Structures are given as C-alpha cells and as structure tokens.
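Please read the structure below before turning to the comments.
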Amino acid sequence: MGASVVTTEDLMEFKNQLLDEFKDLMVKHTHPVPKTWLRSGEVMDRLGISHGTLQKLRSKKVIPSYKIEGILFYDALEVDAILMSNKVQFEEVA
C-alpha cells in the first residue's frame, strides 16, 4: 500500500466539512421540530370555535381529519392553509 500525501488544503477542506456536519447536528438537536399534528381541542383554541362548529366543519369536509383509535388529529399546516385560503378582504367605506 502506497503512502498518500495530505496537503494543508486537504486538511482545511476536511475541517470545513466536519464543522458543517457539526452545525447541522446542533441545529437539528437544539431547534425542536414544530408540532404538525393537532388534537381537536388545539384546533378549537387555534380557530376560536366550539366543538359543534369543528364537528360541522369536519362533516362538511372543510377541515380534513385523521382518526386513530378514536382520537381525531388535524394537520396544522392544512388547518393554517384552509384559514388563509378563506381570508376575507374588507373594503373601506368612504
């Protein structure tokens, strides 16, 4: 097996790659991933609606839900997207 020469540039490139990997790991472990699944109570609080209103929106298929062993879950991104897509613009009355 032959010897290989390691240059200063090789060491600097290795150092930069190692630092980038450490930065990525630090970001993943110090910045928690936002919660993407909400329960019914959290959706009601977020939208300021009652249980009956949430049930009505669910039955009209306005807000999609996912049921796992009797517990309803809602995708937070979908709820926000639905809210933003139904944004109402008010005109000023002169």
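What you are looking at is a predicted structure, and each value in this text was computed from that prediction instead of being measured. We count residues from 1, following the sequence as given.
To the nearest 0.5 angstrom, Q55 atom CD is 11.0 Å from I49 atom CD1. From I63, atom CD1 reaches atom OG of S40 across 10.0 Å, with rounding to the nearest 0.5 Å. In this structure, D80 CG and R46 CZ are separated by 4.0 Å, a value rounded to the nearest 0.5 Å. Put simply, CE on M26 and CG on L19 are 12.0 Å apart, with the number rounded to the nearest 0.5 Å. We find the CD-CE distance between E9 and M12 to be 9.0 Å, quoted to the nearest 0.5 Å. To the nearest 0.5 Å, the span separating CG on L38 from CZ on F73 amounts to 10.0 Å.
By the side-chain contact (heavy atoms from CB on, under 4.5 Å) test, D10 is found to be paired with V6, T7, residues two or more places apart in sequence or in another chain being considered. Residues passing the salt bridge (charged side-chain N to carboxylate O under 4.0 Å, His left out) test with D45, sequence neighbours excluded: none. Residues satisfying the side chain to side chain donor-acceptor pair (under 3.5 Å) criterion with S50, sequence neighbours excluded, are T53. Remark: R58 pairs with no residue by the salt bridge (charged side-chain N to carboxylate O under 4.0 Å, His left out) rule, at least two apart or across chains. Residues forming a ring pair (Phe, Tyr, Trp, His ring centres under 6.0 Å) with Y66 (at least two apart in sequence, or on another chain): W37.
Between R39 and L72, the closest side-chain pair of non-hydrogen atoms is not below 4.5 Å.
Sorted pairs that involve residues 38-58 and meet ring-ring contact (aromatic ring centres under 6.0 Å, His included), not counting sequence neighbours, are lacking altogether.
Across all non-hydrogen atoms, the minimal contact from V62 to I82 is O-CD1, 3.1 Å. Of all the heavy atoms in Y74 and P64, the pair that sits closest is CD2-O, 3.4 Å.
L77 and V79 are members of different hydrophobic clusters when ILVMFWY side chains are connected at heavy-atom separations under 4.5 Å.
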